[in-house]
K.L.:
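One structure follows; several queries about it will come next.
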Amino acid sequence: LCLLIRFVLIIHRNQKTFRPKKSAPSGSKGAQLRQHIDATLGSGNLREAVRLPPGEDANEWLAVNTVDFFNQVNLLYGTLTEFCTPDNCPTMTAGPKYEYRWADGVQIKKPIEVSAPKYVEYLMDWIETQLDDETLFPQRLGAPFPQNFKDVVKTIFKRLFRVYAHIYHSHFQKIVSLKEEAHLNTCFKHFILFTHEFGLIDKKELAPLQELIESIISPY
């Protein structure tokens, strides 16, 4: 409870950069699956929490979890916006070997170098646009998913991983000072187990945090 209160206070100070939590429409299949996620996460068994529930549609499961992980990363980064600034983080990096440039293929077709906060702003806006597009993430029960749906999800998860990589490499000491490391580690473990379960991120993309990821996956 204390951690939640601290998150709310920090987020309140950063209203301009933090966006409201997205949720599945009431009564939709996504809302039912969301209840399943809450129940399995409550058991503390993250491996069980990421598995496709018996008899459920894989795309529906990917869709509701994509929204959840978007919210998780949004919340985590929201606590760091006063520390992750253009002056402190002039480029979006994950250590000295990895720099990420932004392109969305529509408005920005050629990758451009931007500060870390600008990259995350572009990313969150881009993901929100994907989630709000009913041709990609249908809201009505029984509405078909596009044939390339998993590719869309993979791109979202690949880019969300970059935010985790930046946080761990550039802001972990601040996370520790805020006493948020346990929450960060649990969220990242959940994220990695899910991506591993469904093959959502290529191994080469995981290189900036490979050692940490192996320590998460190897016990399973």
Side-chain angles (χ1 to χ4, degrees), residues 3-4 7-8 11 17-80 120 123-134 136-141 143 145-146 149-168 175 180 182-201 205-206 209 213 216-217 220:
L3 178 61
L4 177 60
F7 271 23
V8 171
I11 289 162
T17 54
F18 191 75
R19 62 202 69 224
K21 180 179 179 181
K22 298 191 75 66
S23 59
S26 177
S28 71
K29 186 63 176 179
Q32 297 172 34
L33 291 174
R34 189 70 195 73
Q35 292 177 348
H36 175 84
I37 294 171
D38 286 342
T40 51
L41 282 176
S43 72
N45 186 340
L46 290 178
R47 172 54 80 185
E48 184 61 30
V50 303
R51 289 197 179 108
L52 177 66
E56 297 294 351
D57 179 74
N59 285 337
E60 291 276 9
W61 186 238
L62 287 175
V64 72
N65 277 278
T66 300
V67 173
D68 268 13
F69 285 115
F70 166 75
N71 286 330
Q72 281 185 17
V73 174
N74 192 28
L75 178 60
L76 282 166
Y77 184 77
T79 68
L80 293 169
V120 176
L123 173 59
M124 295 305 179
D125 286 345
W126 175 79
I127 294 177
E128 211 161 23
T129 300
Q130 309 298 300
L131 298 180
D132 290 340
D133 185 345
E134 293 199 28
L136 297 177
F137 286 81
Q139 301 293 315
R140 292 179 294 106
L141 185 61
F145 285 85
F149 181 66
K150 190 170 183 180
D151 290 333
V152 172
V153 169
K154 288 176 72 171
T155 302
I156 291 174
F157 274 81
K158 176 181 71 175
R159 290 178 169 180
L160 284 176
F161 170 80
R162 294 173 178 179
V163 181
Y164 272 118
H166 178 71
I167 290 174
Y168 272 106
I175 288 284
E180 295 170 11
H183 181 71
L184 170 64
N185 291 337
T186 299
C187 290
F188 184 64
K189 181 177 180 180
H190 184 199
F191 179 87
I192 287 301
L193 289 176
F194 188 83
T195 59
H196 183 70
E197 179 79 9
F198 295 97
L200 298 178
I201 304 179
E205 292 285 342
L206 300 173
L209 296 176
I213 291 167
I216 291 171
I217 293 174
Y220 297 93

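Numbers here are sequence positions counted from 1.
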K.L.:
Over 60° means perpendicular and under 30° means parallel, so classify the ring planes of F194 and F198, tilted if in between.
P.N.:
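Plane angle between 30° and 60°, so tilted.
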K.L.:
Tell me, please, which residues at least two apart from Q130 pass side chain to side chain contact (heavy atoms under 4.5 Å, CB included).
P.N.:
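With neighbours one apart ignored, the set is W126, L136, F137, V152, I156.
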K.L.:
Kindly indicate whether the side chain of D133, heavy atoms from C-beta on, has any atom under 4.5 Å from the side chain of T129.
P.N.:
no
K.L.:
Taking T79 for its side chain and L76 for its backbone only, find out whether a donor-acceptor pair lies under 3.5 Å.
P.N.:
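Judged by distance alone, yes, a pair lies under 3.5 Å.
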K.L.:
Distance check, rounded to the nearest 0.5 Å: F161 atom CZ versus F188 atom CZ?
P.N.:
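With rounding to 0.5 Å, CZ (F161) is 5.0 Å from CZ (F188).
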K.L.:
Between L52 and E197, does the side chain to side chain contact (heavy atoms under 4.5 Å, CB included) criterion hold? Intermediate values first, please.
P.N.:
CA-CA 9 Å; L52 177 66; E197 179 79 9; over 6 Å; no
K.L.:
Should L184 and Y164 count as side-chain neighbours, where that means a heavy-atom distance under 4.5 Å?
P.N.:
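Touching, per the 4.5 Å side-chain cut-off.
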K.L.:
Could you measure the distance from the NZ atom of K150 to the CG atom of L62? Nearest 0.5 Å is fine.
P.N.:
6.5 Å
K.L.:
Is there a donor-acceptor contact under 3.5 Å from the side chain of N65 to the main chain of W61?
P.N.:
yes
K.L.:
Assess the residue pair E205 and R159 against the criterion (side chain to side chain contact (heavy atoms under 4.5 Å, CB included)); give the C-alpha distance rounded to whole Å, side-chain angles, the decisive distance to 0.1 Å, and a yes or no.
P.N.:
CA-CA 9 Å; E205 292 285 342; R159 290 178 169 180; over 6 Å; no
K.L.:
Using every non-hydrogen atom in the two residues, find where L123 and L160 come nearest and quote the distance to one decimal.
P.N.:
CD2-N, 4.3 Å
K.L.:
Any chance you could measure E180, atom CD, to I167, atom CD1, to the nearest 0.5 Å?
P.N.:
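One gets 9.5 Å once the value is rounded to the nearest 0.5 Å.
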K.L.:
If I take atom CG from residue N74 and atom CD from residue E128, how far apart are they, to the nearest 0.5 angstrom?
P.N.:
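Spacing of CG (N74) from CD (E128) equals 8.0 Å.
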K.L.:
Once rounded to the nearest 0.5 Å, what's the spacing between atom CZ of F191 and atom CD1 of I213?
P.N.:
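Spacing of CZ (F191) from CD1 (I213) equals 9.0 Å.
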K.L.:
Within a strict 4.5 Å, meaning less than it, do heavy atoms of the D57 and F145 side chains meet?
P.N.:
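In short, these two side chains touch, coming nearer than 4.5 Å.
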K.L.:
When you look at K154 and D151, which way does the side chain to side chain contact (heavy atoms under 4.5 Å, CB included) test go after all the steps?
P.N.:
CA-CA 5 Å; K154 288 176 72 171; D151 290 333; 4.3 Å; yes
K.L.:
Can you name the nearest heavy-atom pair linking I192 to L206, along with the distance?
P.N.:
CD1-CD2, 4.4 Å
K.L.:
Kindly give the heavy-atom pair with the smallest separation between V153 and T66, and that separation in Å.
P.N.:
CG1-OG1, 3.7 Å
K.L.:
Which heavy atom in C187 sits nearest to a heavy atom in Q72, and how many Å separate them?
P.N.:
CB-OE1, 3.7 Å
K.L.:
Quick check: closest heavy atoms across Q139 and L131, and the distance to 0.1 Å?
P.N.:
NE2-O, 4.0 Å
K.L.:
Rounded to the nearest 0.5 Å, what's the gap from CD on E56 to CZ on R51? Could you check?
P.N.:
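So the CD of E56 and the CZ of R51 are separated by 16.0 Å.
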